[in-house]
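The structure under discussion appears below in the form of structure tokens.
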Protein chains: 2
Amino acid sequence: MQKKRTTLKDIARATGVHVSTVSRALDPTERKSITPEVVAKIQAAAERLDYRPNRIAFGLRTNRTMTVGVVIPDITNPIFPPILRGIESVLEPLGYASIIVNTDSEREREVRLLEVLRDRGVDGLIHAAVLRSDPSIAKAAQDGLSVVTLNRRVENSNIPYVINDEDMGICEMLRHLTKLGHRRIAHLAGPQDLSTGQLRLAAFRNAAKRMSIDIDPQLIVTAMRFDEDEGARCTRELLASGNDFTAVLCANDRLALGCIDVLRENGLDCPSDISVSGFNDMPFLQLARPRLTTVRIQQYDAGITAASILLRLMNAGADDDIPLETVLPVELLERESTGPVAAQKR
Amino acid sequence: MQKKRTTLKDIARATGVHVSTVSRALDPTERKSITPEVVAKIQAAAERLDYRPNRIAFGLRTNRTMTVGVVIPDITNPIFPPILRGIESVLEPLGYASIIVNTDSEREREVRLLEVLRDRGVDGLIHAAVLRSDPSIAKAAQDGLSVVTLNRRVENSNIPYVINDEDMGICEMLRHLTKLGHRRIAHLAGPQDLSTGQLRLAAFRNAAKRMSIDIDPQLIVTAMRFDEDEGARCTRELLASGNDFTAVLCANDRLALGCIDVLRENGLDCPSDISVSGFNDMPFLQLARPRLTTVRIQQYDAGITAASILLRLMNAGADDDIPLETVLPVELLERESTGPVAAQKR
DNA sequence: CTGAAAGCGCTAACAC
DNA sequence: GTGTTAGCGCTTTCAG
């Protein structure tokens with residue numbers, strides 16, 4: 001059993017004042033209404049007895065747990081750890097702790113974990129795993145829970161969100177590929193029930209139109225998950241369809257890695273036969289060969305931004321001028337997986 | 001503001017019984033002392049009013065928060081996410097939430113975060129970032145907090161720990177290298193204030209002695225951190241010293257990756273000129289070329305094991321027969337970064 | 001300026 | 001079986 005800790009009552013007894021006086025003396029904002037000598041005496045006793053406020057009791061009384069929930073698809077996906085560090089870097093110094101949960105992109109799990117977090121009375125929520133239509137999180141927000149979504153957004157809601165400039169990223173990548181002479185460009189699209197997947201596909205179509213590039217609908221294949229296996233599957237499908245292409249613009253890095261593997265299996269070299277590009281510039285990507293041309297997103301900063309917005313949300317209530325949308329800039333990274341279109345294609 | 005939730009009192013009012021009756025009816029172990037009809041009525045009301053127990057109040061009353069702390073050096077190190085998922089897989093279904101904190105291997109931070117966790121009244125602690133001598137965690141354990149350490153252990157204490165079979169791993173790796181003909185084998189040792197670094201160096205020395213291999217003290221270089229930069233620095237030092245070697249056994253994968261880079265910079269190919277081995281088989285390692293020969297440790301299972309021990313610790317008190325030491329098996333993975341010693345060495 | 005008292009939501013003796 | 005009561009440690013009216 002835990003050794004019992006000193007409470008306000010203990011200090012009150014030691015100093016001969018009432019607990020409420022102790023409480024006030026220890027609260028920076030209430031302190032001013034107490035005689036300095038009394039404050040000093042109380043602080044000394046608190047120090048001596050190694051007093052540590054009981055956050056549980058505080059939470060019960062004030063309905064603030066100083067805890068936030070962080071919902072992500074899967075911590076083993078390496079783009080999330082930097083985001084979490086970013087969140088922690090702003091919340092932890094302010095006394096907040098975060099409870100991180102993994103949804104594995106399963107709606108059922110997401111709903112259940114959201115309940116768990118609400119049961120624990122989190123003061124706010126950073127949600128990086130919402131679906132485009134996500135009633136449970138919308139309801140939570142409506143019930144007054146402070147929530148901000150990260151990387152994704154829930155449509156038709158006024159939940160603030162922090163996303164990357166997907167449009168710009170896709171657009172610059174497409175321009176990069178066309179500069180290299182590519183015209184028949186395939187797209188491995190991400191899951192369309194996630195806003196990232198949907199936005200990047202839309203961005204691809206728009207950019208192509210703007211640049212007057214014909215996109216063969218046959219060259220757009222949609223992955224069911226953002227992982228290597230799906231990248232591989234989609235690439236096989238692409239090859240089996242018999243349509244010509246000289247480049248594959250993938251909706252994220254992991255799809256691209258799977259793609260390159262399958263191309264290699266089929267005797268196609270990247271980039272000399274086919275160019276492949278990714279998105280995210282995830283950690284450890286630099287280990288891969290060829291080094292992947294991709295779009296860097298700001299992972300750590302996304303965490304910082306989302307946490308900052310959540311803070312404003314939690315402290316201000318609903319009527320403040322919190323920005324609904326925050327778009328973080330992205331950066332094109334030209335590396336080795338893209339190159340000039342082969343003289344004789346395929 | 002949060003919409004107010006229904007409480008036991010609300011249910012009591014709705015059903016015309018006393019709150020304590022409601023409390024009992026909703027508690028599986030107390031339920032049997034209540035008339036079935038009353039239980040049914042109460043459960044129906046609870047359902048209808050969407051009752052969710054307030055864990056804060058529960059925690060204040062029972063002194064159990066159903067929360068555990070997890071202390072790790074840095075979540076961006078990819079060996080930790082699988083461990084966390086392992087922990088979560090046993091704790092979460094039982095209603096526990098975990099608060100994860102990163103120490104960045106800084107003692108000051110570790111001490112402060114430990115205090116934060118204790119202030120929050122965690123029921124137990126899984127600590128994967130202890131130092132070999134770690135008074136703060138020893139004190140916490142002595143004060144009655146349930147704690148188990150992971151990957152590392154604190155010496156001269158009776159804190160249960162879960163580690164990998166470092167001895168076996170190093171030994172098998174050394175045998176593997178000698179089979180390939182290597183005799184002049186360097187060791188990039190990990191930080192000696194971490195038990196992993198220290199154990200692996202000791203294992204290296206012991207194994208060499210057992211196999212009657214002379215180890216030149218000059219060929220042992222100690223890294224200050226377990227990362228690529230330190231692997232690179234140590235390798236430069238090794239090369240600069242002018243001592244001959246045909247293989248480098250590294251205390252972890254990241255040191256090995258840094259090592260291979262520097263060898264390449266110096267015109268030395270791995271494995272044809274020099275063999276290099278790692279330890280851990282961390283996620284995404286398979287992206288690296290040459291594919292690294294390494295020792296696989298059980299990351300997910302380590303999390304499961306530590307969490308299971310913590311559970312027993314929390315539920316049993318100090319007098320149960322909890323194993324002090326759990327050693328998880330490891331597995332040698334022969335891949336491409338090690339090969340037969342070159343005919344003409346270096 | 002400080003004390004008294006109430007109460008956050010829940011559990012756990014103790015009555016009856 | 002169920003109600004009564006007390007209280008976990010804290011904040012926050014309300015008096016004085």
Annotated protein contacts, base or backbone, on nucleotides 1-6 of chain C with a non-hydrogen cut-off under 4.0 Å, one of B, S, - each: SBBB-B
Short N-O contact, Arg152(A) and Asp134(A), less than 4.0 angstrom: no
Salt bridge flag under 4.0 Å for residues Asp143(A) and Lys139(A): yes
[X]: partners by salt bridge (Lys or Arg N to Asp or Glu O under 4.0 Å), with sequence neighbours left out:
X: Asp119(B); result: Arg5(A), Arg52(A)
X: Glu155(A); result: Arg132(A)
X: Arg13(B); result: Asp10(B)
X: Asp104(A); result: Arg109(A), Arg85(B)

Please report the distance, rounded to the nearest Å, between [atom1] in [X] and [atom2] in [N].
X: Ile42(B); N: dC10(C); atom1: CD1; atom2: P; value: 13 Å
X: Ile11(A); N: dC10(D); atom1: CD1; atom2: P; value: 8 Å
X: Arg64(A); N: dT12(D); atom1: CZ; atom2: P; value: 10 Å
X: Arg13(B); N: dC10(C); atom1: CZ; atom2: P; value: 12 Å
X: Asp119(B); N: dG9(D); atom1: CG; atom2: C1'; value: 14 Å
X: Asn54(B); N: dG7(C); atom1: CG; atom2: C1'; value: 14 Å
X: Arg55(B); N: dC10(C); atom1: CZ; atom2: P; value: 12 Å
X: Leu8(A); N: dG7(D); atom1: CG; atom2: C1'; value: 15 Å

5′-ward residue of the pair Glu30(B)/Leu60(B) relative to DNA chain C: Leu60(B)
Set of residues satisfying side chain to side chain contact (heavy atoms under 4.5 Å, CB included) with respect to Ser20(B), sequence neighbours excluded: His18(B), Arg24(B)
Touch class at under 4.0 angstrom, heavy-atom based, for Thr7(A) against every strand present: sugar-phosphate
Lys9(A) side-chain proximity, nearest of dT12(D), dG9(D), dC8(D): dC8(D)
